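Note that the numbering runs from 1 along the sequence shown for the chain. Just so we're clear, the structure is a prediction, and the values are computed from it rather than from any experiment.
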Amino acid sequence: MEKINANVFLKVAETGSFRKAAEELGYTQAGISYIISSMEEETGLSLFLRERNGVKLSPEGKALLPHIKQYEIWEFQLKQAVNDLKGLNQGTLRVLIFNSISIHWIPDILSRFLQDYPHIHVELITEENSERAEQMVHSGEVDCGFFFTKVDTKMDLFQLKKEKLFAVVAPDHPLAELPRFPMKMLDQFPYIDMSYHAHSGIWNYFEENDVHPTARFTLDNDNAAMSMVSKGFGYAVFAELILQDVPYDLRRMEFEKPATRTISIGTRSIKTCSNACREFIRYTREWVKEHS
């Protein structure tokens, strides 16, 4: 029964709430709801009764509760036995990351991965330059890495999420009330550039649309750039992941011609990489799928 998630089932039963279970397990509420719905579809049973103030076990759910508790124990014991056989009870995993991933994804992915593989030592290496990042994967300096531009096709690459690019402006910017940022205006207002943009897919978008913004400032810190934008020094361009939970008063604008980039995870060879690397990639893909 591939869709049975004992950990989620037991946490929802304990808390009586999809929201509380999501907070404690590091999921979204929608992710918890999806997992429970998938379990109900798999079993053909209604496991929880949805009520105004939360959820509670259905009669069928109560009947399955002791079995799912035992299932969780067996699942843990099986994982431990498999880990020992695969050599996943020790070793080092080197993972290449970039800023927005380190803030919004890595803590939850690592939490889940290290819960199952607590003896794997994970080293996180930050690199915003995609060309340098590819070299590090190919040379073996790192086991795997996250990328947000087109990369060497020789690498085994797994797409994770397509994210939009936005122009961000101060609320009183002359263009702030427009429904979309006009392409012809990209080079007519002061632009705040990021030092890594040449490798982030953003300058590719400019070139494809034959626009050439004039950088008023070039910074290497996202928060510093957003602060400058909020004070009216110009506009900047960021991907949607970076713009989550920002503390600045900004107007986020889509472009007239939609702009996106794809976040991927890659390794030199999925067949020859370490078991820890292969498992980390699997955990990452599953976590992103659940939270997207």
Side-chain angles (χ1 to χ4, degrees), residues 1-89 93 95 101-120 122 146 158-161 241 244-245 263 265 275-292:
M1 304 187 78
E2 297 178 351
K3 297 180 181 179
I4 298 299
N5 189 317
N7 193 30
V8 168
F9 177 95
L10 295 174
K11 185 58 68 174
V12 173
E14 175 191 333
T15 61
S17 167
F18 286 172
R19 178 182 59 80
K20 291 179 180 177
E23 290 174 353
E24 294 190 23
L25 295 176
Y27 287 72
T28 62
Q29 184 171 336
I32 292 290
S33 179
Y34 174 80
I35 290 170
I36 294 299
S37 295
S38 297
M39 290 178 65
E40 291 177 328
E41 180 182 350
E42 180 83 3
T43 61
L45 300 171
S46 175
L47 303 176
F48 288 90
L49 301 176
R50 280 72 166 173
E51 299 181 331
R52 185 174 182 179
N53 297 321
V55 297
K56 68 178 183 180
L57 286 169
S58 68
E60 294 85 355
K62 289 180 180 179
L64 289 179
L65 181 60
H67 301 287
I68 291 183
K69 286 181 177 178
Q70 187 63 55
Y71 182 88
E72 183 185 45
I73 295 171
W74 288 336
E75 188 175 47
F76 176 78
Q77 292 173 339
L78 176 61
K79 283 182 179 179
Q80 290 298 96
V82 170
N83 291 349
D84 291 341
L85 291 171
K86 292 167 68 176
L88 282 168
N89 57 350
L93 174 67
V95 181
I101 292 292
S102 68
I103 296 171
H104 298 293
W105 287 7
I106 288 297
D108 287 336
I109 293 171
L110 274 184
S111 177
R112 186 179 298 184
F113 179 77
L114 293 175
Q115 182 177 355
D116 288 340
Y117 307 121
H119 301 297
I120 297 295
V122 180
F146 291 88
F158 304 91
Q159 292 189 359
L160 298 173
K161 178 181 174 64
L241 195 59
Q244 288 184 14
D245 306 319
I263 300 175
I265 188 169
N275 289 328
C277 176
R278 193 176 300 112
E279 280 296 278
F280 182 81
I281 290 174
R282 182 175 69 83
Y283 272 59
T284 296
R285 295 177 71 188
E286 289 179 356
W287 184 89
V288 174
K289 183 178 180 181
E290 290 172 7
H291 291 77
S292 294

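- Note: Lys11 NZ to Ile36 CD1 = 13.0 Å, rounded to the nearest 0.5 Å.
- Remark: the backbone N or O of Gln29 is not paired with any side-chain donor or acceptor of Ser33 at under 3.5 angstrom.
- Between the CE atom of Met39 and the OG atom of Ser46 there is a distance of 12.0 Å, given to the nearest 0.5 Å.
- By the 4.5 Å heavy-atom criterion applied to side chains, Tyr71 and Phe9 are not counted as neighbours.
- The side-chain heavy atoms of Glu290 and Asp108, taken from C-beta on, include no pair separated by under 4.5 Å.
- In terms of heavy-atom proximity, Phe158 sits nearest to Arg285 at CD2-NH1, 3.2 Å.
- The backbone N or O of Leu45 lies less than 3.5 Å from no partner atom in the side chain of Glu60, so there is not a single donor-acceptor pair.
- Using a cut-off of 4.0 Å between Lys/Arg side-chain N and Asp/Glu carboxylate O, Glu286 and Lys289 are scored as not salt-bridged.
- Under the side-chain hydrogen bond (donor to acceptor under 3.5 Å, both in side chains) criterion, Gln115 pairs with no residue, sequence neighbours left out.
- Leu114 contributes atom CG, which lies 11.0 Å from atom NE2 of His119 (distance to the nearest 0.5 angstrom).
- Side-chain contact between Leu57 and Leu47: absent, with no pair of heavy atoms (C-beta onward) separated by less than 4.5 Å.
- With contacts defined as side-chain heavy-atom distances shorter than 4.5 Å, the pair Thr284/Leu160 qualifies.
- Around atom NZ of Lys56, no more than 12 heavy atoms belonging to other residues, nucleotides or ligands sit under 6.0 Å away.
- For Gln159, the CD atom counts as loosely surrounded, since its 6.0 Å shell holds 12 or fewer non-hydrogen atoms of other residues, nucleotides or ligands.
- The minimum heavy-atom distance linking Pro107 with Ser102 is given by the pair CD-O, 3.3 Å.
- Between Asn275 and the choices Leu93, Ile120, Leu88, Val82, the side chain to side chain contact (heavy atoms under 4.5 Å, CB included) rule is met once, by Leu88.
- Within the 4.5 Å cutoff, the side chain of Leu49 has no heavy atoms near those of the Val55 side chain.
- In terms of heavy-atom proximity, Ala21 sits nearest to Val12 at CB-CG2, 3.7 Å.
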Verdict with reasoning, Tyr283 to Tyr117, per ring pair (Phe, Tyr, Trp, His ring centres under 6.0 Å): CA-CA 11 Å; Tyr283 272 59; Tyr117 307 121; 5.7 Å; yes
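- Judged purely by atom type and a 3.5 angstrom limit, His291 has no side-chain atom pairing as donor or acceptor with the backbone of Trp105.
- Here the straight-line distance linking atom CG of Asn5 with atom CD1 of Ile68 works out to 9.5 Å at 0.5 Å rounding.
- The distance from the NZ atom of Lys161 to the CD1 atom of Ile101 is 10.0 Å, given to the nearest 0.5 Å.
- A 4.5 Å side-chain heavy-atom check between Gln70 and His67 finds every atom pair outside the cut-off.
- With sequence neighbours excluded, no residue forms a side-chain hydrogen bond (donor to acceptor under 3.5 Å, both in side chains) with Glu75.
- Geometrically, Arg112 engages Tyr27 in a cation-pi contact, judged by NZ or CZ lying under 6.0 Å from the ring centre and within 45° of the ring axis.
- Side-chain contact between Ile103 and Asp245 is absent, with no heavy-atom pair separated by less than 4.5 Å.
- Summarising the geometry, atom OG belonging to Ser111 is positioned 9.5 Å from atom CG belonging to Leu25; distances are rounded to the nearest 0.5 Å.
- For the pair Ile265 and Phe280, the minimum side-chain heavy-atom distance is below 4.5 Å.
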